[in-house]
Amino acid sequence: MVGIVLMTAFGGFLSLLYLAMLVLAVVALAMAALYRDDAYRAADKQNKGFWLIILGIAVAVNLLVPMLFLQLAGLVATIVFFVDVRPALRQVSGGGWGRRRRGSSSDGPYGPYNGGR
């Protein structure tokens with residue numbers, strides 16, 4: 001009885017782990033697709049097509065192949081993208097996609113605040 005409960009709990013834990021690996025791979029694939037191709041060259045990383053293929057394979061393996069060692073290889077590629085490639089791309093592209101540049105601390109929503117002058 002206890003063994004069945006433990007196996008069920010472990011199965012639930014593994015399914016959550018697989019889901020987390022899938023979500024990370026999908027997010028990394030989306031981020032890799034949003035950066036421009038010249039940012040990869042400027043950051044001296046592999047080209048955009050390489051990362052799209054590697055991360056696409058990671059997503060496909062997580063969806064289709066229930067083999068843990070292949071999923072772990074995809075997880076390693078995803079972690080490398082998040083830890084090494086993405087920070088370099090953000091630095092080269094000026095802070096990343098979708099981020100506004102910040103102005104002076106006295107800037108308001110419609111431009112600089114001039115103090116009522």
For Leu89 versus Ala43, what's the shortest heavy-atom pair and its separation? CD2-CB, 4.2 Å
If I compare all heavy atoms of Tyr35 with all of Arg86, which pair ends up nearest, and what's the gap? OH-CG, 4.1 Å
Would you give the length of the straight line joining atom CG of Leu52 to atom CG of Asn47, rounded to the nearest 0.5 angstrom? 9.0 Å
Using 0.5 Å steps for rounding, measure from the CH2 atom of Trp51 to the CD1 atom of Ile54. 7.0 Å
Scan residues 14-36 for pairs that pass salt bridge (Lys or Arg N to Asp or Glu O under 4.0 Å), counting only residues two or more places apart or in two chains. Arg36-Asp38
Quick one: which residue pairs count as a salt bridge (Lys or Arg N to Asp or Glu O under 4.0 Å) with a foot in residues 59-68, not counting sequence neighbours? none
Could you pull out all residues at least two apart from Asp37 that satisfy salt bridge (Lys or Arg N to Asp or Glu O under 4.0 Å)? Arg41
Tell me whether Leu16 shares a hydrophobic cluster with Leu75, the cluster being built from Ile, Leu, Val, Met, Phe, Trp, Tyr side chains joined at under 4.5 Å. no
Are side-chain heavy atoms of Val76 and Leu72 found at a separation under 4.5 Å? no
Do Tyr40 and Val85 pass the side chain to side chain contact (heavy atoms under 4.5 Å, CB included) test, and can you show the C-alpha distance, the side-chain angles, and the key distance before you say yes or no? CA-CA 8 Å; Tyr40 288 88; Val85 177; 4.1 Å; yes
Considering only distance and modelled atom types, tabulate donor-acceptor pairs under 3.5 Å from the side chains of residues 20-34, sequence neighbours left out.
none

Inter- and intrachain pairs under side-chain hydrogen bond (donor to acceptor under 3.5 Å, both in side chains), touching residues 58-85, at least two apart: Lys45-Asp84
